Colleague: 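Could you have a look at this structure, given as structure tokens, before my questions?
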Amino acid sequence: MNLNGQWQFAQDPGDSGFERGLVSSDLPDMITVPFAPESELSGIGNVDFLTAVWYRREVTVPEDWSGDRVLLHFQAVDYDATVWVDGVEVGRHRGGFTGFTVDLTDAVTPGRPCWLTVRARDDRDSPQPRGKQSTRFEKYGCLYTRTTGIWQTVWLESVPRHHLRRPRITPNVAGTSFEFELPLSENRDNTMIRIAITDDAGTVAVRSVRADLDLSPRTEVRLPSERARRWSPDDPYLYDIVIELRDLDGNLIDSVVSYAGLRSVSIVGMQVRINGSTLFQRLVLDQGYYPDGIMTAPTDQALIDDIRLSQDAGFNGARLHQKVFEERFLYHADRMGYLVWGEFGDWGCATGRGPFDHQQPSQGYVTQWLEAVERDYSHPSIVGWCPLNETWQVIDDKITVLDDVTRGMFLATKALDTSRPVIDSSGYAHRVAETDIYDSHNYEQDPAKFAAIMAPLAEGKPYANPDDQGPERRWSLPYRGQPYFCSEFGGIWWNPDVAASGVEQGDSWGYGDRPRTEEEFYERFEGLLKVLMDDPNMFGYCYTQLTDVFQEQNGIFFFDRKPKFDLARLRSVQRRVAAIEAE
């Protein structure tokens, strides 16, 4: 039962609503969920700091759900959420980018109305994962309008008391199989799980495993070699999967319909391979912001369109930057053959203090990141993980909080997922010696200077931010020969209206000097990309960025998704064979 739509709403700037009885009171305004109150689409449009906000809605659980468990799902609420049913607290969650579920079974009566109340707190000062949300009133630089409260879909679900939970599906390309981990609400005697995999021609493989021996039953389902079809950007083939929980008499208890892609990621020398073949990763930085929805896409079609726009410009994937995207985006990426690096919105831990304590990520960073990895584990489009972005701190003889959390997030990701590479922190402070990937961010706009900066990679001495500060200002541990890419570059600042008139129109921000003409943009774009594509030791790149975002005007597209440039010309630059692919 989808609960998006109209909810009662109240702004609570003093965070006094609990004392004032808002848990059980009608609220004065109305809001359209799942859009944040800062957005136009919410119907509120208040971009000031919102310390706390309240939501209330009457819901009637269907009478035919009686006897089942009733689950309330929130895909994302920013930042601290508390949920009540008829004035009784039923759940809490911290983290603005990850979802959570509340079991309402004991708090509701099917067929009888009840009131759901949600409070979201969003402190402007405390270190917390914010991504690109501005901690000033105004938007500035590469920081944007905030998001508070419910900003993704809310829904109710009925499940049997003995039910399947989210499966973890791991492709095994070498074994031509899928490995399944099948968590359950509980183990019960005399039960089994049946897995059926189908393709366009019908049933491919069936496997059953007992469900009463292991806490999370595991099994491997092999595919006949003649029915094996690998997922790739050129052929994003997905198998349909039905998972059934049954008793030994064959009676159905619960079932789940899903899908999977047979896709591998491996590292051979400097190459990051997909299905055993080198594929240069032509990535674009995608921040997932919209003029009217802020971090929430206005429609499902908008998610599809963003992937298509990127592909039309010649990119084959994206870093989903400083935001845990809606899972629906990953569903479309799976279908459309779009490579994705999953990233956490870690910005927000800076305290502005001294050189060793100014970045203070908490244990909550690890907790919330693990929720994101667990949610997205089974998506074949994801080919790498990026827990942190542009963390920095001078390396000294002290082990700092940043060191602990960086290593903790890296090890936790590796423990949860051994099938994908993990980069400890994108761009800046590589503080984990065994990180799978090493990278840098470099917004030098002159292709010749950019080439000189990147050239030492051939000697095993790649650029590492900030190489120009000297050894006493070192941020990263030494490079150990890992695959390397420039994971942010370009960011070419271009607004054709300003270029034509020479007059600045409102706030505008980008990297380096603006090109004077559109032709100069193309020359710079091609020159920068050529440096990286012609480097036989570079496995990919990530160009900044897909669209303008508010005042940051360095996108391939305007903020409203209209193209700035000749997409065929951009695509032709990117679609030639890269040096690492030619080996």
Side-chain angles (χ1 to χ4, degrees), residues 173 230-234 263-286 310-311 314-321 333 337-343 380-387 389 410 413-414 417 419-428 430 432-442 450-451 453-465 476 478-490 528-544 573-583:
V173 169
R230 296 177 181 177
W231 183 100
S232 71
D234 291 331
R263 187 270 304 125
S264 70
V265 183
S266 60
I267 291 174
V268 178
M270 299 295 284
Q271 300 176 353
V272 177
R273 295 179 176 177
I274 306 297
N275 299 327
S277 299
T278 302
L279 174 66
F280 191 80
Q281 296 189 23
R282 300 160 174 84
L283 309 179
V284 69
L285 199 75
D286 185 352
S310 174
Q311 292 174 327
F315 299 102
N316 60 14
R319 272 183 70 201
L320 304 185
H321 186 52
Y338 195 59
L339 304 177
V340 166
W341 281 75
E343 183 175 313
S381 57
I382 297 181
V383 295
W385 297 112
C386 180
N389 172 74
F410 176 82
T413 312
K414 296 295 289 184
D417 186 358
S419 71
R420 297 177 176 95
V422 180
I423 184 169
D424 55 348
S425 181
S426 181
Y428 285 8
H430 293 297
V432 177
E434 64 270 32
T435 181
D436 293 322
I437 304 292
Y438 211 91
D439 74 338
S440 65
H441 296 173
N442 192 320
F450 186 61
I453 292 170
M454 290 296 160
L457 176 60
E459 304 167 5
K461 299 176 181 179
Y463 175 76
N465 306 91
S476 295
Y479 175 64
R480 295 172 58 175
Q482 298 98 327
Y484 181 92
F485 76 134
C486 186
S487 58
E488 283 188 37
F489 76 107
L528 294 172
L529 268 63
K530 187 176 186 299
V531 169
L532 304 178
M533 295 188 76
D534 288 352
D535 190 332
N537 296 305
M538 191 81 60
F539 78 85
Y541 56 62
C542 181
Y543 180 84
T544 302
V573 171
Q574 300 203 71
R575 286 306 183 181
R576 64 184 181 83
V577 176
I580 201 168
E581 294 173 310
E583 293 190 342

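Counting begins at 1 with the first residue of the sequence. Keep in mind that this is a model prediction, so the values were computed, not measured.
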Colleague: Holding to ring pair (Phe, Tyr, Trp, His ring centres under 6.0 Å), I want the full list of residues that pass it with Trp231, two or more places apart in sequence or in another chain.
Modeller: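 Ring pair (Phe, Tyr, Trp, His ring centres under 6.0 Å) check on Trp231 returns nothing, list empty.
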
Colleague: Are the side chains of Val432 and Glu434 in contact, using a 4.5 Å heavy-atom criterion?
Modeller: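 A side-chain contact under 4.5 Å exists here.
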
Colleague: With sequence neighbours excluded, what pairs up with Asp535 under the salt bridge (Lys or Arg N to Asp or Glu O under 4.0 Å) test?
Modeller: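 Expected list: none.
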
Colleague: For Leu457, run the side chain to side chain contact (heavy atoms under 4.5 Å, CB included) check against Tyr463, Tyr438, Tyr479 and tell me which one passes.
Modeller: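 When Tyr463, Tyr438, Tyr479 are each tested with Leu457, the side chain to side chain contact (heavy atoms under 4.5 Å, CB included) holds only for Tyr479.
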
Colleague: Treating Gln482 as the side-chain partner and Thr435 as the backbone partner, does any N or O pair qualify as donor plus acceptor under 3.5 Å?
Modeller: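 Flag set: sc Gln482 to bb Thr435 pair under 3.5 Å.
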
Colleague: For residues Ser440 and Met454, report the shortest heavy-atom separation together with the two atoms involved.
Modeller: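 Answer, listing the atom of Ser440 first, then Met454: OG-CE, 3.7 Å.
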
Colleague: What is the minimum heavy-atom distance between Pro421 and Ile437, and which atoms define it?
Modeller: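 Nearest heavy atoms, Pro421 then Ile437: CB-CG1, 4.1 Å.
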
Colleague: Checking the side chain of Ser381 only, and the main-chain atoms of Val340 only, is there a donor and an acceptor separated by less than 3.5 Å?
Modeller: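 No, because the side chain of Ser381 does not come within donor-acceptor range (under 3.5 Å) of the backbone of Val340.
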
Colleague: Any salt bridge between Asp534 and Arg576, counting N to O under 4.0 Å?
Modeller: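 A salt bridge links Asp534 with Arg576.
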
Colleague: Does the gap between the ring centers of Tyr541 and Phe280 come in under 6.0 Å?
Modeller: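 Yes, the ring centres sit under 6.0 Å apart.
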
Colleague: Please examine the side chains of Val272 and Val383, heavy atoms only from C-beta on, and report whether any two atoms are closer than 4.5 Å.
Modeller: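 No, their side chains stay 4.5 Å or more apart.
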
Colleague: I'd like to check Leu279 versus Leu339 (side-chain heavy atoms, cut-off strictly below 4.5 Å). Are they in contact?
Modeller: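 In short, these two side chains touch, coming nearer than 4.5 Å.
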
Colleague: So, do Ile580 and Pro536 sit near enough that their side-chain heavy atoms are less than 4.5 Å apart?
Modeller: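 Answer no - side chains too far apart.
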
Colleague: Among Glu488, His441, His321, Glu343, whose side-chain hydrogen bond (donor to acceptor under 3.5 Å, both in side chains) with Ser426 holds?
Modeller: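 Exactly one option meets the side-chain hydrogen bond (donor to acceptor under 3.5 Å, both in side chains) with Ser426, and it is His441.
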
Colleague: By the salt bridge (charged side-chain N to carboxylate O under 4.0 Å, His left out) test, which pairs, at least two apart or in different chains, include something from residues 273-284?
Modeller: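 Applying salt bridge (charged side-chain N to carboxylate O under 4.0 Å, His left out) to every pair that reaches into residues 273-284, excluding sequence neighbours, yields Arg282-Glu581.
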
Colleague: Measure centre to centre between the rings of Phe489 and Tyr543, then say whether the value is under 6.0 Å.
Modeller: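 Yes: the rings meet the under 6.0 Å criterion.
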
Colleague: Keeping Asn442 on the side-chain end and Cys486 on the backbone end, is there a donor-acceptor pair under 3.5 Å?
Modeller: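 No: the side chain of Asn442 does not pair with the backbone of Cys486.
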
Colleague: Should the heavy atoms of other residues, nucleotides or ligands under 6.0 Å from NZ of Lys530 be counted, would the total exceed 12?
Modeller: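 At most 12 heavy atoms, drawn from other residues, nucleotides or ligands, come within 6.0 Å of this atom.
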
Colleague: Looking at Gly269, is its backbone amide N or carbonyl O close enough to the side chain of Gln271 to form a donor-acceptor pair, meaning the two atoms are under 3.5 Å apart?
Modeller: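 No, Gln271 side chain to Gly269 backbone: no donor-acceptor pair under 3.5 Å.
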
Colleague: Rounded to the nearest 0.5 Å, what separation is found between the CG atom of Leu283 and the OG1 atom of Thr544?
Modeller: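 Here the interatomic distance stands at 11.0 Å.
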
Colleague: May I ask you to decide if Ser487's main-chain N or O and Asp439's side chain share a donor-acceptor pair within less than 3.5 Å?
Modeller: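 Checking the backbone N and O of Ser487 against the side chain of Asp439, no donor-acceptor pair under 3.5 Å is found.
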
Colleague: Is it true that a side-chain atom of Ser476 and a backbone atom of Tyr428 form a donor plus acceptor pair closer than 3.5 Å?
Modeller: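 Side chain of Ser476 to backbone of Tyr428: a pair is present.
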
Colleague: Less than 4.5 Å apart, side chain to side chain, heavy atoms only: is that true for Phe539 and Ile267?
Modeller: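 Heavy-atom side-chain distance check fails, nothing below 4.5 Å.
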
Colleague: Output the distance between atom CD1 (Ile274) and atom OG (Ser266), rounded to the nearest 0.5 Å.
Modeller: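 So the gap between those two atoms works out to 7.5 Å.
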
Colleague: Passes side-chain contact (heavy atoms from CB on, under 4.5 Å), Asp286 versus Ser310? Steps please.
Modeller: CA-CA 9 Å; Asp286 185 352; Ser310 174; over 6 Å; no

Colleague: Testing the basics here: between Met270 and Asn537, what is the closest heavy-atom pair and its distance to 0.1 Å?
Modeller: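 What the structure gives for the nearest pair is CE-O, 3.4 Å.
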
Colleague: So which heavy atom on Gly342 is nearest to which on Ile382, and how close?
Modeller: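 Of all heavy-atom pairs spanning Gly342 and Ile382, the closest is N-CG2, 4.4 Å.
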
Colleague: Are the side chains of Asp436 and Ile423 in touch, meaning some heavy atoms are under 4.5 Å apart?
Modeller: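 Of all side-chain heavy-atom pairs linking Ile423 with Asp436, none is under 4.5 Å.
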
